[in-house]
2 protein chains.
Amino acid sequence: MEKKLASTPISGKLLSGGSLAAACSTCSLRELCVPGGIPVSELEKLDALVAMRRRVKRGDTLFNVGDEFRALYAVRSGFFKTRITSSDGRDQITGFQVPGELLGFEGVATEQHGVDAIALEDSEVCILPYGELERIARDFQPLQHQLHRVMSREIMREHNVMLLLGTMKAEERVAAFLLNLSERYRHLGYSSNEFILRMTRQEIGSYLGLKLETVSRAFSKFQEQGVIEAQGKKIRLLDIEQLRKLVSSHKG
Amino acid sequence: MEKKLASTPISGKLLSGGSLAAACSTCSLRELCVPGGIPVSELEKLDALVAMRRRVKRGDTLFNVGDEFRALYAVRSGFFKTRITSSDGRDQITGFQVPGELLGFEGVATEQHGVDAIALEDSEVCILPYGELERIARDFQPLQHQLHRVMSREIMREHNVMLLLGTMKAEERVAAFLLNLSERYRHLGYSSNEFILRMTRQEIGSYLGLKLETVSRAFSKFQEQGVIEAQGKKIRLLDIEQLRKLVSSHKG
DNA sequence: GGCGACTGTTGACTTGAGTCAAAGGAGCAA
DNA sequence: TTGCTCCTTTGACTCAAGTCAACAGTCGCC
């Protein structure tokens, strides 16, 4: 189905950073990504690390469960989902990743990837070879600390997903999902009240622990209430304040 | 069942490691905890780090949401739960921690703790001051790597909880919970088919995204089926294989 | 050693989300 | 453009889990 661990650059997939404008120090995402909080003057220490990039076409996987873990990936452009599959055939989307976010931490523990990472649109990632990353982090405290912060943030994010899955009703989940996505787009400098969903209703449902019909009904209801406007994947948030109230509607 | 932490209780709460047999190199939990995978001959490097211990009485908190993050904690004896609370008053138990497991990673990102950690029985933890931990990890690659492995394992654990919350029915969740606990006790060298639950039905329910009545009914049903024997908090697993089947009963 | 407050069990009823089904719409490929 | 596939919406029905309530058991504390 997918390439068997390509250590050798395969046609059109790997780009050397050298010929391009190159790495972190000039990247517009640097504040959101690995370099966050590291003084710009010191970023050249990272530039050697992220010399490689890779393109992933819509529908293709960046890595699969069981693949040898060799690197973390920073999303440069595009949109990903990560998916866990259990031995008895269940699956669950564990997250969606937008530019500036990192993929692959779940692989450190076992040296094998623990999720599938799938591009939901044509995407590009920076490759951060993990051994090198650890080596540089040993000599360069700000990178070490930032790496820990990013992993910790992922743990907090998952706590919040657990709270959502464990305590919220269907419409509350959908409202929380829309607000979260909106917030992340705002953070990236995109419009936060009008965007194209990159995923299907079924994928939203999988992430939120709901069936696709339930997601669809929630969208329809919010639209009736004038809170959002939804035409297929095109979403406009009309009343963010009301959407916030919908998240905490469980009492009152 | 377990040693009653001997020695001198200094001011009741903090114990200096010096006077005790001391830290990681002689700890019976070392393979399960931070020192895992680090050669015993090098463990003295850790012993300086974990010089302090702390006792926490049943019902007391080790730390609360919002507390300044200064250290990670390794459970030495006892049992903890961690709990997240949202601004609108929901709460959710995000995990239970047994000896050898670490608490506090969620605090690295913001330098404030993101959950409450509450002892479910009288417990003792080793204090790992975080700044020192990072400093030592910079000079000592095996520790650095182990630290990353442990954080990564926590991320994987949470993925699996998301799968449980997102895809499993009530009885499947309860069966999965019992098997998970059993496995962790086995790993610690305790009986894996007979143990005392340290948490209430309500706490199990909070962790599993269920109401306490639903948890209780699942226990009763498993008992009727002869799969477990449950008398209040005393649990005996009679048929582990059947319990495994109950986890994946969703099809067939 | 007994009282009171948690904790757990069980039953009856309600309800929110899942299931099944049908049909319309969007997007891609030839 | 046509046709095909996949995605989305909506309706009718079902059922798993939540809610409410009563009561029993247990534990810890005075």
Side-chain angles (χ1 to χ4, degrees), chain A residues 57-59 81 90 92-93 118 120-122 164-178 196-225 228-235 246-247 249-251, chain B residues 57-60 81 90 92-93 118-122 164-178 196-225 228-235 246-247 249-251:
Chain A
K57 288 234 278 284
R58 184 178 131 103
K81 67 175 177 183
R90 294 173 208 275
Q92 169 88 9
I93 288 178
I118 299 151
L120 294 181
E121 59 179 323
D122 292 354
L164 177 147
L165 292 171
T167 72
M168 292 188 184
K169 304 235 221 73
E171 286 171 21
E172 296 165 352
R173 296 182 198 192
V174 174
F177 169 77
L178 288 173
I196 306 287
L197 293 175
R198 253 62 236 213
M199 71 297 280
T200 65
R201 302 289 189 264
Q202 132 73 25
E203 287 165 332
I204 297 171
S206 170
Y207 180 59
L208 298 177
L210 302 170
K211 294 293 164 186
L212 69 94
E213 294 94 329
T214 306
V215 175
S216 178
R217 280 187 240 270
F219 279 18
S220 299
K221 184 152 175 211
F222 293 168
Q223 183 149 25
E224 271 171 41
Q225 295 172 339
I228 71 170
E229 204 179 294
Q231 284 195 59
K233 298 203 153 60
K234 216 171 129 193
I235 300 288
L246 284 167
V247 173
S249 61
H250 60 118
K251 201 127 273 174
Chain B
K57 287 233 278 281
R58 186 178 129 102
D60 286 354
K81 67 174 177 184
R90 292 174 210 273
Q92 168 89 7
I93 288 180
I118 299 151
L120 294 182
E121 59 179 324
D122 293 354
L164 178 146
L165 292 171
T167 73
M168 291 190 185
K169 305 236 220 76
E171 287 171 21
E172 295 165 351
R173 295 182 199 193
V174 174
F177 169 77
L178 288 173
I196 307 287
L197 294 176
R198 254 60 236 212
M199 71 296 280
T200 66
R201 301 289 189 265
Q202 132 72 27
E203 286 164 333
I204 298 170
S206 170
Y207 181 60
L208 298 178
L210 302 171
K211 295 294 165 186
L212 68 94
E213 294 94 329
T214 306
V215 175
S216 178
R217 280 187 239 269
F219 278 19
S220 300
K221 184 152 176 212
F222 293 169
Q223 184 149 26
E224 271 170 42
Q225 296 172 339
I228 70 170
E229 204 179 294
Q231 284 195 57
K233 297 201 152 59
K234 215 170 129 193
I235 300 288
L246 283 166
V247 173
S249 61
H250 59 118
K251 200 127 275 174

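Protein chains get the first letters and strands the later ones, always in sequence-line order, with residue 1 at the start of each. Because the structure is a prediction, the values reported are computed rather than measured.
- Between K221(B) atom NZ and dA17(D) atom C1' there is a gap of 13 Å when expressed in whole angstrom units.
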A correct 5'-to-3' footprint of nucleotides 19-30 of chain C, with B, S and - meaning base, sugar-phosphate only and no protein heavy atom under 4.0 Å, is BB----------

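- Residue T200(A) has its side chain nearest to dC7(D) when only dC7(D), dT10(C), dT9(D) are considered.
- Here the side chains of T200(B) and L212(B) are not in contact, with every heavy-atom distance at 4.5 Å or above.
- Put simply, NZ on K169(B) is 13 Å from P on dG18(D), counting in whole angstrom units.
- At a threshold of 4.0 angstrom between heavy atoms, the contacts of G205(B) with the nucleic acid are absent.
- Under the 3.5 Å distance criterion, the side-chain polar atoms of S206(B) are left unmatched by any main-chain donor or acceptor of Q202(B).
- Atom CD1 in I196(B) sits roughly 13 Å away from atom P in dG8(C) (whole-Å rounding).
- Considering K57(A), R198(A), K81(A) as possible partners of E121(A), the one that fulfils the salt bridge (Lys or Arg N to Asp or Glu O under 4.0 Å) test is R198(A).
- If you take CZ of F219(B) and P of dT7(C), they are 15 Å apart, rounded to a whole angstrom.
- Judged purely by atom type and a 3.5 angstrom limit, S249(B) uses its side chain to pair as donor or acceptor with the backbone of L246(B).
- Closest contact between the side chain of L212(A) and the listed nucleotides dA17(D), dG8(C), dT9(D) involves dT9(D).
- Note: CG (L120(B)) to P (dT7(C)) measures 11 Å, nearest angstrom.
- One can place CG of L197(B) at 10 Å from P of dT9(C), the figure rounded to the nearest angstrom.
- The shortest non-hydrogen separation linking R173(B) to G209(B) is NH1-O, 3.6 Å.
- Close to dT8(D), at under 4.0 Å from its OP1 or OP2, lies a side-chain N or O of R201(A).
- Side chains of M199(A) and I93(A) form no contact here, defined as non-hydrogen atoms less than 4.5 Å apart.
- Note on L210(B): only backbone sugar-phosphate atoms sit closer than 4.0 angstrom, heavy atoms only; bases stay farther off.
- Distances shorter than 4.0 Å separate none of the side-chain N or O atoms of K233(B) from OP1 or OP2 on dT26(D).
- Between dT10(C) and S220(B), a contact under 4.0 Å exists linking OP1 or OP2 to a side-chain N or O.
- Of the candidates E224(A), R201(A), E229(A), F219(A) forms a side chain to side chain contact (heavy atoms under 4.5 Å, CB included) with just one, namely R201(A).
- Nucleotide dT8(D) holds its C1' atom 14 Å from the CD atom of E203(A), rounded to whole Å.
- Atom pair I204(B):CD1 and dT7(C):P shows a separation of 12 Å (rounding to whole Å applied).
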